[in-house]
Amino acid sequence: MLVSAKEMLTKAIEGKYAVGQFNINNLEWTKAILQTAEELKSPVILGVSEGAGKYMCGYKTIVGMVNGMIEELGITVPVALHLDHGTFEGAKACINAGFSSIMFDGSHYPIEENIAKTTALVNTCDVLGISLEAEVGSIGGEEDGVIGAGECADPDECKAIADLGVTMLAAGIGNIHGKYPENWAGLSFDTLAAVKDKVGDMPLVLHGGTGIPADMIKKAISLGVAKINVNTECQLAFAAETRKYIEEGKDLQGKGFDPRKILAPGVEAIKATVKEKMELFGSIGKA
Ligand code: 13P
């Protein structure tokens, strides 16, 4: 059964570790992440961008697929199905479709509008037992064709949004989606500490988990980050192994047209990436 992310994140704050959000793109991706989480006894959050939602035939299809897998694979660890960077309309659609967790990203609106729209979702999510992530200070880089300019959140604005009663808060601290450029300045721990100071025990979310050095991840967790999003790193690992398999002509050996065999090395690469992240985040054995 899908669960809200609230309890797993409260435990993560207490235990000083972080739960990984791994974005899904298809059945293979979803199965690989769920099996790894179960094997390692780690709670897990499956992230779905609106673009991935369309690709996978809509939110209802995804809810059906994930619920079916949880049952058929005998998954016992807590699993949250979470909308990633949702619009207001997307958030409502996912709530109706049966998602157990929602991100409403109002960071590109003026703060008053972000507050108004986030407020409208707080009550609905509360009544339905769905966790809600809000964002202040846009995360840079490109995701699903949306390009953000990467900024550091204003700690007072973070407090204003946190006080609305959201479950978790994504605050921009110089992090960006995708690969980090050579001249990246690193995470702003001053901003993170100032935000933490204002919002207390509210779980903080670190987007752009791909390519952040391990010491920065650990420091971020020590300063209140309880959820870390990873997408590009799984994609890079999947693409590299699939390309290698085809370039080496292995797909032409034997039954060379079997899609299950062609995708298998990429799937193993996703599992290895998820395992590595769960080790770094400290969530293994915490389910
Ligand atoms: P990366 O693609 O950089 O790992 O970021 C993922 C993310 O933050 C999804 O919201």
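Order of appearance sets the numbers: ligands from 1, and atoms from 1 within every ligand.
Ligand 1 places these atoms under 4.0 Å from at least one heavy atom of Thr232: 1 (P), 2 (O), 3 (O), 4 (O). Shown in contact with His85 at under 4.0 Å from a heavy atom are these atoms of ligand 1, numbered in order with element: 10 (O). Close contacts of ligand 1 with Thr210, meaning ligand atoms under 4.0 Å from a residue heavy atom, involve 1 (P), 2 (O), 3 (O), 4 (O). Ligand 1 places these atoms under 4.0 Å from at least one heavy atom of Val230: 4 (O).
With hydrogens and angles left out, the side-chain atoms of Thr167 and Glu133 include no donor and acceptor closer than 3.5 Å. Residues His207 and Asn175 have side chains that never bring a donor and an acceptor to within less than 3.5 angstrom of each other. Side-chain N/O atoms of Asp190 and Ser188 include no donor and acceptor closer than 3.5 Å.
At a 4.0 Å heavy-atom cut-off, ligand 1 touches Asp84 through the side chain alone. Residue contacts with ligand 1, taken as heavy atom pairs separated by less than 4.0 Å, do not involve Gln235 at all.
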Between Glu248 and Lys244, does the salt bridge (charged side-chain N to carboxylate O under 4.0 Å, His left out) criterion hold? Intermediate values first, please.
CA-CA 6 Å; Glu248 286 175 359; Lys244 198 165 100 194; 5.2 Å; no
Residues Lys159, Asp163; criterion salt bridge (charged side-chain N to carboxylate O under 4.0 Å, His left out); working and verdict
CA-CA 6 Å; Lys159 179 161 172 50; Asp163 284 350; 3.0 Å; yes
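The shortest N or O to N or O distance between Asn231 and ligand 1 is under 3.5 Å. Between Gly178 and ligand 1, a contact under 3.5 Å exists for at least one N or O pair. Among the atoms of Glu233, none of the N or O lies under 3.5 angstrom from an N or O of ligand 1.
Residue nearest to atom 5 (O) of ligand 1, selected from Gly208, Gly211, Ala170: Gly208 (by heavy-atom distance).
One hydrophobic cluster, built from ILVMFWY side chains closer than 4.5 Å, holds both Leu27 and Val79.
Evaluated for a side-chain contact (heavy atoms from CB on, under 4.5 Å) with Leu192, the options Leu206, Val225, Leu187 yield exactly one hit, Val225.
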